[in-house]
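All values below come from the heavy atoms of this structure, side chains included, with hydrogens, waters and symmetry mates left out. Because the structure is a prediction, the values reported are computed rather than measured. Along the sequence shown, the residues carry numbers beginning at 1.
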Amino acid sequence: MARTGRPPQDPASRLERAHRILDAAAELVLRWGYDKTTIDDVARHAGVAKGTIYLHWKTREALFSALLRRDRVAMLEEVTAAAPATLRGLLREIAAGLLRRPLMTALLTHDSKVLGKLVRQKRLGAVDGVGASGTGGGAGRMMLGQMAAFEDYLAVLDRHGALRPGRTPQEQVAVLSAVLHGFLLTRDMLPPESAPAGERLPDLIAETVDLALGSGMPQGEEGARAVRQATLRYLGSMREIALSKLAASLGVAAEALTAPAGAPAGLTGADALVGGEETRA
C-alpha cells in the first residue's frame with residue numbers, strides 16, 4: 001500500500017524519498033516507455049502517494065527531467081573517476097558511460113519508443129536541462145555541455161598541437177555528433193554478423209573522432225601535462241553544471257549531491273533492456 005503524507009522536512013530523508021521515486025520512474029520508463037508510464041504507476045511502484053510526487057515535482061515532465069539529469073550526473077561521476085588525460089580518452093569514457101545507461105542512449109538518439117513525448121518536447125526546447133535544442137544538437141549538448149567551456153578546452157589542445165589545424169569549434173562538434181550518432185544509430189541496423197561487439201564501441205567512437213580531429217603528432221611532456229589538466233578541468237566544469245541542474249530538480253543544495261547517490265544499480269547493465277519481460281498494451 002502506498003504511504004501517504006508530505007515529504008519529510010529533514011533534507012536527507014527528503015532526498016532519499018526523491019531518489020526512491022526516481023528509481024521507480026526509471027524502472028517503469030525502461031519497461032513501458034515514457035508515454036505509457038503515469039504518475040499513478042510511479043507512485044504505486046515507489047510506495048508513496050500520488051500527491052507526494054507532486055510535492056517533489058510540479059509536473060510529470062519535471063519528474064522525468066530530474067531522472068535524466070540524475071543519470072547524466074552519475075555518468076559524469078564515472079567519467080571523472082576514470083580521470084581521462086586526452087580528448088580521445090574523454091570521448092572513450094563518455095561513450096562507455098552513455099552505453100551503460102539506456103536512458104542516456106535513448107535521449108541522445110531521440111528514441112521515442114523509450115522517451116516518447118519527452119523526446120518531442122526536448123526537440124522543441126520544452127524540457128529544460130536535458131539536451132534541448134541548441135549548440136551541436138543532442139550529441140553536442142549531451143557530450144560537450146556549454147560551448148564556451150568546450151571552445152576554451154579546444155583552444156588549449158590546439159595550442160599544444162593535439163588537434164588537426166583549420167577546423168572551427170562548430171565543425172569539431174559536427175564531427176563528434178556525426179560519429180557518435182552514426183555508431184549508435186547503425187548498431188541495430190546491421191546484421192549481427194556485421195555489427196561490432198558492444199564492448200568495442202567506445203574505443204571505435206573515440207578512435208574515429210581522434211583520426212578526424214587529432215593531429216597525430218607526438219606531444220612532449222609539457223604538452224601532455226597541459227592537455228591532461230585541460231581535460232580534467234573541462235570535465236570538472238561539465239560535472240559542476242550537471243550537479244547544479246540536478247540539485248535544482250531535487251530542491252537541494254549541490255553540496256548534498258557530491259557523491260553519486262541514488263543511481264539505480266539495476267539499471268546500468270545489460271539487464272536494463274528496453275521493454276524487458278513485461279510490456280504494456
Side-chain angles (χ1 to χ4, degrees), residues 71-72 75-76 78-111 131 134-147 149-219 223-224 226-228 230-235 237-239 268 270:
D71 234 29
R72 188 169 191 262
M75 181 194 75
L76 289 173
E78 294 173 355
V79 177
T80 300
T86 63
L87 176 61
R88 178 169 177 166
L90 176 65
L91 294 176
R92 194 257 172 226
E93 295 302 329
I94 289 177
L98 288 171
L99 290 166
R100 283 191 295 268
R101 298 185 175 280
L103 288 175
M104 290 289 93
T105 302
L107 182 66
L108 187 67
T109 59
H110 297 165
D111 187 344
T135 302
R141 291 292 293 269
M142 176 77 68
M143 296 185 66
L144 307 176
Q146 300 299 310
M147 189 63 176
F150 183 60
E151 288 180 348
D152 291 342
Y153 174 51
L154 292 180
V156 174
L157 270 57
D158 189 49
R159 283 200 303 271
H160 292 278
L163 295 179
R164 186 187 300 270
R167 298 268 173 81
T168 67
Q170 291 76 19
E171 291 169 342
Q172 289 159 334
V173 170
V175 170
L176 288 167
S177 299
V179 171
L180 188 62
H181 276 109
F183 274 103
L184 293 181
L185 291 173
T186 59
R187 60 180 177 162
D188 294 328
M189 300 177 186
L190 296 172
E193 63 274 12
S194 301
E199 64 271 15
R200 287 281 296 139
L201 280 178
D203 291 312
L204 291 171
I205 290 169
E207 179 182 350
T208 303
V209 172
D210 191 42
L211 289 170
L213 298 182
S215 67
M217 302 296 293
Q219 292 179 300
V227 168
R228 178 179 182 276
T231 301
L232 295 177
R233 186 165 55 248
Y234 173 66
L235 179 56
S237 72
M238 287 180 67
R239 177 177 173 273
T268 57

Contacts of type side-chain hydrogen bond (donor to acceptor under 3.5 Å, both in side chains), residue Thr231, not counting sequence neighbours: Tyr153
Option among Arg239, Arg101, Glu93 that satisfies the side chain to side chain contact (heavy atoms under 4.5 Å, CB included) test with Met75: Arg101
Using 0.5 Å steps for rounding, measure from the [atom1] atom of [X] to the [atom2] atom of [Y].
X	Y	atom1	atom2	result
Asp152	Arg233	CG	CZ	9.0 Å
Leu91	Ile205	CG	CD1	9.0 Å
Leu213	Leu157	CG	CG	10.0 Å
Leu99	Met104	CG	CE	12.5 Å

Residue pairs fulfilling salt bridge (charged side-chain N to carboxylate O under 4.0 Å, His left out) with at least one residue in residues 153-176, sequence neighbours excluded: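 For residues 153-176: none.
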All pairs passing salt bridge (charged side-chain N to carboxylate O under 4.0 Å, His left out) where residues 202-216 contributes a residue, at least two apart: Arg88-Asp210, Arg92-Asp203, Arg200-Asp203
Side-chain heavy atoms of Leu98 within contact of Ile94, under 4.5 Å: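 SC-SC contact between Leu98 and Ile94 confirmed.
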Set of side chain to side chain contact (heavy atoms under 4.5 Å, CB included) partners for Pro218, sequence neighbours left out: none
Which residues share a side chain to side chain contact (heavy atoms under 4.5 Å, CB included) with Ser215, sequence neighbours left out: Met217
Exam field: side chain Gln219 to backbone His160, donor-acceptor pair closer than 3.5 Å: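 Yes, the answer is positive, given that a donor and an acceptor are paired below the 3.5 Å cut-off.
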